[in-house]
Amino acid sequence: MQKILDKISDILGEAFDKSGYGAEYGKASVSNRPDLCDFQCNGAMAAAKAFKKAPIQIANEVLENLKENAAFESIEAVMPGFINIKISGDFLAEYMTGMKNSEKFGVEAPKKVMSIIIDYGGANVAKPLHVGHLRPAVIGESIKRICKYAGHNVVGDAHLGDWGLQMGEVIEELRLRKPDLPYFDPDFKGEYPTEPPFTISDLEEIYPAASARMKADEDFAVKCHEATVRYQKRERGYKELGEHIINVSKADLKRNYDDLDVHFELWKGESDADPYVKDMVEEMVKSGLAYESRGALVVDIREEGDKKEYPPCIIRKSDGAAIYETTDLATLVQREKDYKPDMVVYVVDKRQELHFIQVFRTAKKAGIVPQDTDLRFIGNGTVNGKDNKPFKTRDGGTLRLQALIRMVNDAVYDRIMENREEDPEDAAKTAKIVGLAALKYGDLSNQATKDYIFDTDRFTSFEGNTGPYILYTIVRIKSILNKYRETYGTDGNFDKIKAPVGNAEKNLMLKISGFRDMLDIAFRDTAPHVVCRFVYELADAFNGFYHDTKILSEEDKEKREGWIALLELTKGILECGIDLLGFSAPERM
Ligand code: ARG
């Protein structure tokens, strides 16, 4: 199906063309004066410059070719040369009916199907998820769903941090506790046990213990660094122990991400890029791109027109260790080999921006990816407490993600139980679904790059611009549809939507008609907040219509069935919208 703006632009373009101006001047946009009209066209202004005529004169000439067009209820030229359009009810009804009966509400396959990788987990093995992991997970998952819905081939990668110092820390702590494990015996030649020497609860205790010991004991700290290097050099026992840490941790992280309804197609880690490092670095040295500077191997990334001084990208430190930049570059080598991506999106804390500028520039200079690969850094802002500083627990510690989720679910549970008799078990189930919506919507409705204040009260409110409000609207529609079925004994699924009767109904249809244009923008800008704004405005438009209209008691069967069809479409689009955001609606709430 054609987008509604394109449809209107085509009609206008034809009229511009007939009047002797180019069809390109017929571009329509949603009106910025909804009190005056639904759509507008500013093309006469642009044409005026090119043809050296008064814009209003051009607008009036074009209008001559548009009189009596069934798509418009009214169309007029206003000073200095705007064309104001009110769309006709029949045109809108036909468009609604088309959307309702098309797959994906009329969203077509893109002209070019892109291969897209979204890198959005960033969790570190051996450490539990904390509040800082919320935004990449939630934003990345939504971006992934938006790209998929737009028709592209998309792969989400957790990109676990499994190459850092925490590996050495856990290994050394374990050596203290169980020195007899075969992993620590350099002469061990046999098969290592397949069972990990610890459980996830052991690991949860081991890592903080190791960190504390490292701070207190310098000797231990040196050993942790050494163990990390030996692990990175893939010494047999260390590599094997590292695998256990990764696997035990991964299983737990999976459960945690599942709780957030966040799912990765790939669970690669930084360690998976290691096999690509050696050749990549050699290549960069051979081509002269990388050079020695104070013992380290670096690549210059400055570009003409830079307003800032960018330090070179270090690809090997003086002690020979590969670092974060190297890993991300080698991961791109791997991704290029496996997926030939047209676009790679990184959703990571915005404080890592410099790192990604260095990696992206080096990757292009070294030809690791083609020049036109869209490497996109979505630097997310922080989740702040009421004091507008990054969220901490009461005693100043890092807040675990699970604790944050529980906090929101508890708040929703209390709201549900507040005024109603409800089975506690059912209420807890509903609270989980609604809580997730509160959490995700509270996050996604903010532009990704901005920091925001985590306000449990506001996020869990059933009114206003919140997740629960959207869910409440969907639940309300479901309940009307159920009642309709009970009362009239039919399943609904009507396919014909009628011309709107009142303003609120027309407003609802206009909102729905913008779905495809919204999706295009959300995809173009990889911006979930665009979807949030849309579902919120749509929910509002629906509630306005519902307030104005007695749907179930309407006696005219055709009218009633047209409204039920409109409700079904509204519900479908709202559900699709929240699915793009990564949450779903309960049956009741
Ligand atoms: N593990 C990293 C951290 O905790 C984040 C990884 C982000 N993704 C990436 N490709 N660098 O800071």
Side-chain angles (χ1 to χ4, degrees), residues 116-141 143-144 154-170 207 211 228 231-232 242 245-246 249-250 252-254 256-257 262 264-274 276-277 280 313-315 322-336 338-339 341 343-364 368-369 373-383 390-391 398-401 448-449 526:
I116 301 174
I117 296 175
I118 321 274
D119 178 321
Y120 68 103
N124 299 313
V125 302
K127 303 185 197 176
L129 292 178
H130 58 76
V131 60
H133 293 109
L134 177 71
R135 300 210 72 193
V138 167
I139 297 167
E141 177 75 16
I143 290 178
K144 188 175 80 184
V154 196
V155 169
D157 185 5
H159 198 73
L160 298 177
D162 59 5
W163 207 232
L165 184 58
Q166 87 270 27
M167 302 305 277
E169 290 179 55
V170 173
Y207 172 68
S211 284
T228 308
Y231 163 72
Q232 291 183 345
I245 300 174
I246 292 170
S249 203
K250 206 192 273 182
D252 185 57
L253 287 169
K254 248 185 199 150
N256 279 283
Y257 279 120
V262 165
F264 300 97
E265 284 71 17
L266 282 180
W267 282 85
K268 294 241 185 256
E270 295 173 344
S271 63
D272 290 300
D274 181 59
Y276 300 89
V277 170
M280 177 187 83
C313 180
I314 301 176
I315 54 171
I323 55 171
Y324 194 34
E325 286 75 24
T326 330
T327 314
D328 264 321
L329 285 166
T331 303
L332 274 174
V333 174
Q334 179 181 27
R335 288 175 177 165
E336 190 59 33
D338 293 347
Y339 296 98
M343 172 154 102
V344 188
V345 183
Y346 296 79
V347 189
V348 185
D349 191 310
K350 70 178 171 197
R351 288 169 288 192
Q352 293 194 16
E353 183 179 15
L354 175 61
H355 164 77
F356 284 99
I357 293 175
Q358 292 177 315
V359 168
F360 293 175
R361 288 189 177 185
T362 306
K364 295 234 165 138
I368 291 172
V369 300
T373 304
D374 187 349
L375 298 175
R376 228 182 251 206
F377 174 60
I378 312 269
N380 63 270
T382 51
V383 179
F391 215 121
T398 345
L399 183 69
R400 284 179 69 159
L401 192 53
T449 49
T526 39

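Here, residue 1 is the first one in the sequence, and each next residue gets the next number. Each ligand, and each atom within it, is numbered from 1 in the order the structure gives.
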Do Glu270 and Thr331 meet the criterion of a side-chain donor-acceptor pair at a distance under 3.5 Å?
no
Task: Atom CD1 of Ile314 with >12 non-hydrogen neighbours under 6.0 angstrom - done: no
Within the heavy-atom cut-off of under 4.0 Å, ligand 1 is lined by Asp119, Gly122, Asn124, His159, Tyr324, Asp328, Tyr346, Val348, Gln352, Phe356
Q) So, the side chain of Glu325 versus the backbone of Ile315: is there a donor-acceptor pair under 3.5 Å, distance only? A) no
Worksheet item: Can you find a side-chain donor-acceptor pair between Gln352 and Tyr346 that sits under 3.5 Å?
Response: no
Is the centre of the Phe264 ring less than 6.0 Å from the centre of the Tyr257 ring? yes
Q: Using distance alone, with no hydrogens and no angle criterion, decide if Asp328 and His355 have a side-chain donor and acceptor under 3.5 Å apart.
A: yes
